[in-house]
Visitor: 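Could you have a look at this structure, given as structure tokens, before my questions?
In this text, all values refer to a predicted model and were calculated from it rather than measured experimentally. Sequential numbering from 1 along the given sequence is applied to the chain's residues.
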Amino acid sequence: MLRRMSSPAVARAPARNLHRFANPGQFLRLSGWLLPPLAIAGFVLTVIGLGWGLFFAPADWQQGDAVRIMYVHVPAAWLASAGYLGLAICSALSFVWRHPLADLAAVEIGPVGAGFTALCLATGSLWGKPMWGAWWVWDARLTSVLVLFFLYLGHIALVRAFDNPERGYRAGAILALIGVVNLPIIKFSVDWWNTLHQPDTITLTGAPSMYIGMLWPLFISAAGFTLGFAAIVIARLRAAVMERRIRGLLMARAQQAG
């Protein structure tokens, strides 16, 4: 009897802890403390990384100064995929544990991720013109990132397409989870197909094939972009939570007045 009673309690413990951290009031308190240093650190690291990469890092022996676009392009490409993964995780949390903030977080990640994906595509075109002689080619990597951009736009439109917000959240979550299949295609497209896009120079299984004087500013820029991405999403999510609270108070007052 004791064993049967303890199992449900143990199973519910993680869900209770997750709900505690996803409590809107708790989130506002924690994010209010976290947001300023996060935004400042992101801004400082981005300025250092871009300043170092654009003005002081050496040019590439083959690509010349055109390679400096990578200090914007590579962090934007990394966050395009990482942002969509975060969107999918929030969607999964919404389905499984019904987190109070999961749907709002997914809604707020969408426009930020779409913006970074657009930046990735734009800087990729600027980089591709002098290297390939064309602004755009239907390369496997470029095409899969374009599909990612459309997935972001589809999620943004879908969550706002229903009069009932809950239906929009569910439909958007389904699209987000289905779209996850595109992430490994983006990652391994240069390995699976013969593409114009260069192979990854930084991998988890081998040493980077990049000069250290170019690698460090790239890492710093990527760290700054990542912190900036997180700060923007947190700021948007704080505004959404407060907007929902204000709307709830106004509706309560209207009901009392009626």
Side-chain angles (χ1 to χ4, degrees), residues 14-15 17-24 26-28 30-32 34-35 37-39 41-43 45-46 72-121 144-160 165 168-188 202 204 219 221-241 244:
N17 290 332
L18 288 170
H19 275 289
R20 177 168 62 86
F21 287 113
N23 178 273
Q26 183 86 347
F27 167 77
L28 289 176
L30 291 175
S31 62
L34 180 63
L35 184 57
L38 196 66
F43 177 77
L45 289 176
T46 300
V72 177
H73 175 73
V74 173
W78 143 249
L79 287 169
S81 294
Y84 195 87
L85 180 60
L87 177 65
I89 290 173
C90 290
S91 299
L93 292 176
S94 172
F95 271 119
V96 177
W97 285 295
R98 301 290 182 178
H99 274 204
L101 293 180
D103 290 321
L104 284 180
V107 170
E108 301 308 325
I109 289 173
V112 184
F116 276 85
T117 308
L119 179 62
C120 169
L121 291 169
S144 55
V145 173
L146 181 62
V147 170
L148 179 67
F149 181 62
F150 288 140
L151 285 169
Y152 272 120
L153 295 183
H155 183 272
I156 292 170
L158 200 55
V159 295
R160 294 166 173 81
Y169 295 154
R170 298 289 82 73
I174 292 172
L175 175 63
L177 292 174
I178 293 174
V180 168
V181 72
N182 190 47
L183 296 184
I185 295 176
I186 294 173
K187 170 62 179 175
F188 298 108
I202 302 173
L204 297 176
F219 278 156
S221 180
F225 271 61
T226 302
L227 294 178
F229 185 102
I232 294 171
V233 171
I234 290 174
R236 289 178 58 92
L237 186 52
R238 282 176 57 84
V241 170
R244 175 172 285 193

Visitor: Can you tell me how far the CZ atom of R170 sits from the CG atom of L175, to the nearest 0.5 Å?
Guide: 13.5 Å
Visitor: Quick one, V72 and S221 - any side-chain contact, counting heavy atoms below 4.5 Å?
Guide: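 SC-SC contact between V72 and S221 ruled out.
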Visitor: Can you tell me which residue among V74, T226, L119 is in a side chain to side chain contact (heavy atoms under 4.5 Å, CB included) with L79?
Guide: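 Result: among V74, T226, L119, T226 is the only option passing the side chain to side chain contact (heavy atoms under 4.5 Å, CB included) with L79.
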Visitor: With rounding to the nearest 0.5 angstrom, report the CD1 to CD1 distance, I89 to I109.
Guide: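 Here the rounded value is 8.5 Å.
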Visitor: Work out which heavy atom in A176 is nearest to a heavy atom in L87; give both atom names and the distance.
Guide: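 For A176 and L87, the tightest heavy-atom pair comes out as CB-CG, 4.1 Å.
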Visitor: Any idea which heavy atoms bring V145 and C120 closest together, and the distance?
Guide: CG1-SG, 4.2 Å
Visitor: Can you give me the closest heavy-atom contact between I185 and S144, atom names plus distance?
Guide: CG2-CB, 4.0 Å
Visitor: Check P111 against R236 and note the closest heavy-atom contact, atom names and distance.
Guide: CG-NH2, 3.4 Å
Visitor: Given S31 and L237, is the side-chain contact (heavy atoms from CB on, under 4.5 Å) satisfied, shown in steps?
Guide: CA-CA 9 Å; S31 62; L237 186 52; over 6 Å; no
Visitor: Using residues 146-157 as the side-chain source, report each donor-acceptor pair under 3.5 Å to any protein atom, sequence neighbours left out, with the distance given to one decimal.
Guide:
| unit_1 | atom_1 | unit_2 | atom_2 | d |
| --- | --- | --- | --- | --- |
| Y152 | OH | A80 | O | 2.8 |
| Y152 | OH | Y84 | N | 2.6 |

Visitor: Taking it one step at a time, do L104 and Y169 satisfy side-chain contact (heavy atoms from CB on, under 4.5 Å)?
Guide: CA-CA 9 Å; L104 284 180; Y169 295 154; 4.0 Å; yes
Visitor: Return the CD1 to CZ distance between I174 and F95, rounded to the nearest 0.5 Å.
Guide: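 Result: 4.5 Å between the selected atoms.
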Visitor: Is a side-chain donor or acceptor of S94 paired with a backbone partner of C90 at a separation under 3.5 angstrom?
Guide: no
Visitor: Please determine whether side-chain contact (heavy atoms from CB on, under 4.5 Å) holds for the pair I232 and E108, giving the CA-CA distance in whole Å, both sets of side-chain angles, and the decisive distance to 0.1 Å.
Guide: CA-CA 9 Å; I232 294 171; E108 301 308 325; over 6 Å; no
Visitor: L38 and A231: which non-hydrogen atoms are nearest, and at how many Å?
Guide: CD2-N, 3.7 Å
Visitor: Evaluate the criterion side-chain contact (heavy atoms from CB on, under 4.5 Å) for residue pair W78 and F225; output intermediate values, then yes/no.
Guide: CA-CA 9 Å; W78 143 249; F225 271 61; over 6 Å; no
Visitor: Heavy-atom count around F43 CZ within 6.0 Å, excluding the residue itself: above 12?
Guide: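 Result for CZ/F43: open.
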Visitor: Minimum heavy-atom separation for G83 and F229, please, with both atom names.
Guide: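 Closest pair (atom of G83, atom of F229, distance): CA-CZ, 3.8 Å.
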